Every structure is written in C-alpha cells, then in structure tokens.
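Encoded as structure tokens, the structure appears first; notes follow it.
All values below were derived from every heavy atom in this structure, side-chain atoms included, with hydrogens, water molecules and symmetry-related copies excluded. Numbers for residues simply follow the sequence, beginning at 1. Ligands are counted one by one from 1 in listed order, and the atoms in each one are counted from 1 as well. From a predicted model like this one, the values you see are computed outputs, not experimental measurements.
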Amino acid sequence: MQFSEEIGVGLIGFGTIGTGVVRYFQEGRGEPFGVRLKKVADSDLSRPREVEFPGLTERASDVINDPEIQIVVELVGGENPALDFILDSMNLGKSVVTANKAVISRHIKVLFDAARDRDVDLAFEASVGGGIPIIRVLNGYKGDRFSRITGILNGTSNYILSRMEEGMDFEAALEIAQEKGFAEAAHELDTGGFDARDKLAIISSLAFGCAVVPEQIYCEGITGVTPVDLDFAEKHGVDEGGIGYSIRHLATARMVANQLELHVYPALISKDHPLSSVRNEVNAVYWEGELCGPQLFQGKGAGRDATTSAVLSDIFRLAHNLRSGTVDELPLLDRQVQLADVGSLQRRGYVRMGLKHIPGSIAETARIMGEHGFNIEDSVQRRKFRTESEGKAVIPDIVTVEALPYSTVEKAFRDLKESERVCGDPFFLRFES
Ligand SMILES: NC(=O)c1ccc[n+]([C@@H]2O[C@H](COP(=O)([O-])OP(=O)(O)OC[C@H]3O[C@@H](n4cnc5c(N)ncnc54)[C@H](OP(=O)(O)O)[C@@H]3O)[C@@H](O)[C@H]2O)c1
C-alpha cells in the first residue's frame with residue numbers, strides 16, 4: 001500500500017520496552033502502515049543495547065518538539081517527568097502512546113480531558129495486561145453491561161503463587177521468579193499488590209465511567225500466603241465431593257447500587273472458576289456480561305515482546321486515525337459514584353494462626369473469635385506444618401468462618417495477637433464467590 005505522507009514517530013525511554021519497539025521498527029513492522037521511527041531519547045546513551053538507533057538524543061524535548069514527529073511514545077515509566085512529556089506532546093497537537101500505568105492511573109481524567117480538548121489521541125493499551133487487548137475491549141464495550149470485573153493483573157504474584165502450589169515457600173518461589181526475569185530485585189510493588197492496584201484503577205475507571213485513583217483502593221499483597229494456605233486450598237471441600245480451591249491474587253471492582261467496591265487481595269477461588277486455571281506469569285481479566293455471559297481474556301501480562309505488541313498496535317492505529325482525521329473516543333469519566341467502605345464488606349473467610357500446643361489454646365482463640373461475632377463453620381489443625389517456638393510446638397490452626405466484615409476481622413486479629421497462645425500474625429483469606 002502507498003501512503004501519501006509518512007507518519008513520524010518519536011520514542012522517549014530506550015529501556016526494556018523501548019528496545020523492543022526500536023527492534024521491531026528496524027525489522028520493518030512500520031512499513032506496511034507508512035510509519036517511521038524518527039527519533040529516540042534516553043537519559044543514558046552510553047548503556048550497551050541489543051539494537052542500535054542512529055537518531056538517538058539525550059533530551060526528551062528533541063522528540064517532543066520535532067515537527068516531523070506526529071506520534072510520541074512515552075516509555076520512561078513512573079509519574080514524573082512522564083506526565084509532563086505526555087502533556088507537552090499533546091499541547092503541541094501530537095498523539096501519544098504510553099505503557100505507563102503509574103501515570104495513567106493517577107491522572108486519568110486530566111489526561112483524557114487534555115486529549116479531548118486538543119483533539120489528539122492518547123493510547124495506553126500496554127498499561128494493563130501487557131499484550132492482552134483489554135483497554136480497547138473495555139472502551140468499545142457498549143452493547144452489554146456488567147456489574148463486576150475481576151483481574152489477575154500481576155504476573156509476578158501469579159507466577160509465585162503457581163510455584164507455591166507445587167509446594168515451595170514464598171522465598172523459594174520468589175527466587176525462581178527473579179532468576180527467570182518475572183520478578184525484579186525490588187519486588188514489593190508486585191508482591192505487595194501495588195502494581196495490580198494501579199491497573200485496577202485504570203480498568204475500573206473505564207468499566208464504570210468514573211475516575212478512580214489507586215490510593216482509593218484497598219490493597220493486600222501475597223507476602224502473607226504460606227504453604228499451609230495452599231495445602232488447605234487444595235484439599236478444602238474435597239471430602240464432601242468438591243474439587244478444591246486455588247489461591248489467586250485478585251483485583252476486583254464491583255458496582256452495587258452506585259457504590260463501587262474496589263479491592264486487591266489474595267483469595268480462595270474454587271477450581272471450577274475460570275480464573276483458577278490462570279497460572280504462571282499469565283494475566284487475565286474476567287467479567288460476566290448481562291447478555292453475553294462469562295468472558296475471560298488472558299495472555300502474557302508483561303515482558304518485552306508482549307508489551308511491545310500492544311505499543312505497536314496503538315502506534316499503527318493512531319497513524320490510521322491521523323490519516324483519516326479521527327481520534328479514539330475516550331470516556332468522560334464523569335459518573336459520580338460512592339466508593340464502598342471496604343471495612344464493612346462481608347466475606348466468608350478462612351483464618352490461619354499458629355497456636356502453641358498447650359491445653360486450652362483452641363478454646364481461648366475460639367472464645368476471642370466468638371466475642372467478635374465469628375460464626376465458625378469448621379476447624380482443623382495441620383500437624384504436618386508443626387514448628388517450634390521457645391521450646392514449644394506450634395501447630396497451624398485453620399478455621400473457616402461465615403461471612404463477616406473486614407473491619408471485624410481486623411479487630412479480632414488485634415486481640416488474637418495479644419494472646420500468649422498465638423504465635424506470629426493471624427492470616428485471613430477471603431473465599432471468592
Ligand atoms: N517491562 C515490562 O514488562 C512492562 C510491561 C508493561 C508495561 N511496562 C511499562 O512500560 C514503561 C517502560 O518500562 P521498561 O520496563 O521499558 O522500563 P526501563 O527498562 O526502566 O526503561 C525506561 C528507560 O527510560 C529512561 N529514562 C528515564 N527517565 C528518562 C528521561 N527523563 N528522559 C529520557 N529517558 C529516560 C531510562 O533510563 P535510565 O535507566 O538511565 O533511568 C530507561 O532507559 C513503564 O511505564 C512500564 O510500567 C513495562
């Protein structure tokens with residue numbers, strides 16, 4: 001196909017994803033779309049990279065101000081100066097592609113309004129779910145409705161939980177994830193749930209038409225999960241003919257009577273739930289449409305190539321938009337919703353605590369839980385995971401409890417921790433319905 005005018009692209013951030021984008025441009029991926037990569041900026045020009053680029057500059061402004069560049073690709077990451085790069089580009093009438101969840105999740109309304117005011121495109125497919133095309137699906141989802149969206153949005157956490165299902169503890173699983181490049185040395189953003197929280201802010205804003213920021217979202221990571229929990233999950237309900245449970249790190253948004261419930265947490269999920277089979281570094285997003293029923297989108301959630309595919313798709317679509325004089329529709333995000341108080345949400349759950357193996361321990365903890373209104377369904381001691389503390393045997397005690405508010409669990413845990421019969425921190429897992 002011949003194009004009357006070539007579209008110029010400039011890239012800021014020649015790191016992991018930037019290298020992927022440069023590499024595939026150099027292999028000719030832009031040619032069928034009449035798109036050329038003209039300039040690349042990075043603060044560190046000396047670092048050896050697996051691909052060379054002749055038009056390299058240290059200054060992002062060289063890319064942003066170049067009149068031959070119509071699409072700016074921001075791949076530096078973090079909130080600032082990425083936000084300035086995006087806004088400065090849009091102010092000059094340029095369309096922007098970014099993979100930056102930190103900046104999109106925290107400034108989504110400002111950025112959407114700026115793109116709309118300047119009649120330019122802002123595309124951010126790679127910011128959630130790596131190569132899964134979930135952003136364009138959510139933006140185009142107009143024929144059906146759903147009241148809840150749940151994702152497995154962090155590949156590192158999912159990879160670690162998958163290894164723990166095979167019997168490893170958290171530290172050993174993390175080490176393998178780091179060796180394989182699925183986890184960074186500083187893993188807390190992933191294992192603490194904060195990366196998934198940013199992504200949930202983005203998809204829940206799009207799904208429900210309101211501007212949610214990450215700091216409004218209740219967030220728990222996977223660092224408290226132990227092999228005892230995985231062992232319990234595997235066996236739970238099997239004696240009664242069930243198929244057992246998995247533990248998955250879920251990011252969930254649910255709209256109930258114009259109240260939006262938002263939370264990121266590890267949960268027990270029945271093995272017949274579609275998200276239970278999402279393993280390793282894979283990401284997934286799940287919802288049930290009123291008309292279309294359950295839908296599961298899954299694929300590689302990170303990594304150079306998967307993320308590069310989303311960035312390239314955005315670039316080529318925006319080039320098409322420029323030629324046809326259109327822009328993607330961005331939602332107004334003006335729906336006024338109340339955020340639910342997560343502390344008052346009621347969930348059926350599982351409590352695990354290490355009990356000193358001395359007479360009266362079970363009675364004492366049952367008394368404390370009873371005082372806080374826990375209605376215990378079942379209780380089991382897992383001798384297989386017996387440890388020692390101060391010369392005394394410690395045995396994990398697991399109770400399943402009927403639905404109760406998170407805030408009640410927190411209060412009861414304060415009292416349980418004060419009991420001399422309880423070793424370490426008690427741990428609560430929700431059952432996902
Ligand atoms: N990696 C993934 O699997 C993945 C997946 C999905 C989305 N993303 C997103 O993609 C974006 C890029 O991620 P990445 O993994 O490619 O990060 P990265 O490897 O750290 O690359 C970022 C590059 O930008 C450069 N940079 C930083 N500040 C700059 C500035 N002011 N001007 C010019 N260059 C600057 C950095 O240089 P220095 O090293 O010298 O600071 C680095 O070379 C992030 O928003 C990330 O969240 C990444």
Side-chain angles (χ1 to χ4, degrees), residues 10-24 39-53 55-66 72-89 96-108 111 122-135 151 153-159 177-178 180-187 189-190 194-199 201-203 214 280-283 285 299-315:
L11 188 154
I12 312 171
F14 198 5
T16 307
I17 309 304
T19 303
V21 174
V22 171
R23 177 174 167 187
Y24 289 109
K39 216 170 251 176
V40 173
D42 195 282
S43 46
D44 181 2
L45 301 188
S46 61
R47 195 170 60 234
R49 293 172 167 93
E50 79 184 58
V51 284
E52 301 278 315
F53 187 80
L56 211 51
T57 167
E58 244 174 354
R59 289 181 301 272
S61 57
D62 290 348
V63 168
I64 295 167
N65 295 317
D66 186 330
V72 174
V73 183
E74 181 280 304
L75 293 175
V76 301
E79 213 174 328
N80 278 305
L83 178 64
D84 291 339
F85 294 161
I86 296 172
L87 287 172
D88 290 352
S89 303
V96 174
V97 173
T98 177
N100 191 329
K101 62 204 156 250
V103 85
I104 293 289
S105 62
R106 285 173 182 77
H107 303 279
I108 193 163
L111 289 168
L122 172 67
F124 49 97
E125 186 63 69
S127 63
V128 182
I132 312 171
I134 194 68
I135 300 295
L153 300 178
N154 184 266
T156 306
S157 295
N158 206 42
Y159 183 85
Q178 285 167 333
K180 288 192 173 281
F182 297 136
E184 313 228 353
H187 58 88
L189 273 183
D190 294 321
F194 305 107
D195 172 84
R197 185 179 72 160
D198 284 2
K199 293 166 179 171
I202 297 173
I203 60 171
N280 300 322
E281 70 277 21
V282 172
N283 277 197
V285 177
K300 284 187 186 169
R304 193 194 65 180
D305 283 358
T307 310
T308 298
S309 87
V311 172
L312 291 176
S313 294
D314 276 348
I315 295 171

Could you give me the CA-CA distance, side-chain angles and deciding distance for V22 and F14, then say whether side-chain contact (heavy atoms from CB on, under 4.5 Å) is met?
CA-CA 8 Å; V22 171; F14 198 5; 3.6 Å; yes
Side chains of V285 and L153: does their closest heavy-atom pair fall under 4.5 Å?
yes
Quick one: does ligand 1 sit under 4.0 Å from the side chain of F85, the backbone, both or neither, non-hydrogen atoms only?
side chain
Relative to the heavy atoms of N100, which atoms of ligand 1 are at a distance of less than 4.0 Å?
45 (O)
Working to the nearest 0.5 angstrom, can you tell me the gap between E281 CD and N158 CG?
9.0 Å
Using a 4.0 Å heavy-atom threshold (strictly under), name the region of E58 that reaches ligand 1: side chain, backbone, both or neither.
neither
When rounded to the nearest 0.5 angstrom, what distance separates CD1 in I104 from CG in L83?
9.0 Å
Is T156 reaching over with its side chain to a backbone N or O of F182, donor-acceptor style, under 3.5 angstrom?
yes
What atoms of ligand 1 come within less than 4.0 Å of a heavy atom belonging to F14?
43 (O)
Kindly identify the option in A99, G129, A102, A310 whose heavy atom sits closest to atom 10 (O) of ligand 1.
A99
Please report which non-hydrogen protein atom sits nearest to atom 22 (C) of ligand 1, along with the residue it belongs to and the distance in Å to one decimal place.
L75 O, 3.5 Å
To the nearest 0.1 Å, how far is atom 47 (O) of ligand 1 from its closest protein heavy atom, and which atom is that?
K101 NZ, 3.1 Å
Around atom CD of E184, are there more than 12 heavy atoms of other residues, nucleotides or ligands at under 6.0 Å?
no
One finds that the ligand 1 atoms under 4.0 Å from a non-hydrogen atom of A302 are 3 (O)
Give me the residue, atom name and distance of the protein heavy atom closest to atom 23 (C) of ligand 1.
D42 OD2, 3.6 Å
Per-atom contacts of ligand 1 with G15, taking only distances under 4.0 Å to non-hydrogen atoms:
16 (O), 19 (O), 21 (O), 23 (C), 43 (O)
For atom 44 (C) of ligand 1, closest protein heavy-atom neighbour
G77 CA, 3.5 Å
Mark yes or no for whether D198, through its side chain, and S105, through its backbone, hold a donor-acceptor pair below 3.5 Å.
no
Quick one: pull up CD in E58 and CG in D44 and give me the separation to the nearest 0.5 Å.
8.5 Å
Can you pull out the closest protein heavy atom to atom 39 (O) of ligand 1? Residue, atom name and distance to 0.1 Å, please.
R47 NH1, 3.1 Å
Looking only at heavy atoms, what is the nearest atom pair of I12 and A60, with distance?
CG2-CB, 3.7 Å
Is there a polar contact, in the sense of an N or O pair closer than 3.5 Å, between G303 and ligand 1?
yes
Got the closest protein heavy atom to atom 24 (O) of ligand 1, with its distance?
G13 CA, 3.3 Å
Measuring to protein heavy atoms, does anything land under 4.0 Å from atom 20 (O) of ligand 1?
no
Closest non-hydrogen protein atom to atom 5 (C) of ligand 1, residue and atom name please, with distance?
T307 OG1, 3.2 Å
Can you tell me how far apart NZ (K101) and CD1 (I203) are? Round to the nearest 0.5 Å.
13.5 Å
Answer yes or no: is there a donor N or O on one side and an acceptor on the other, between the side chain of S157 and the main chain of N154, under 3.5 Å?
no
P81 neighbourhood, listing ligand 1 atoms whose heavy-atom distance to it stays under 4.0 Å
31 (N)
So which heavy atom on S89 is nearest to which on I64, and how close?
OG-CG1, 3.6 Å
Ligand 1 atoms nearer than 4.0 angstrom to some heavy atom of A126 are 6 (C), 7 (C)
S43-ligand 1 polar pair, N/O distance under 3.5 Å
yes
Could you tell me the residue and atom name of the protein heavy atom closest to atom 4 (C) of ligand 1, and the distance to it rounded to 0.1 Å?
I17 CD1, 3.8 Å
Take atom CD of E50 as the centre, draw a 6.0 Å sphere, and report whether it contains more than 12 heavy atoms from other residues, nucleotides or ligands.
yes
Show which atoms of ligand 1 fall inside a sub-4.0 Å distance from at least one heavy-atom site of D44.
40 (O)
So, regarding T16 and ligand 1 (criterion: nitrogen or oxygen to nitrogen or oxygen, under 3.5 Å), is there a contact or not?
yes
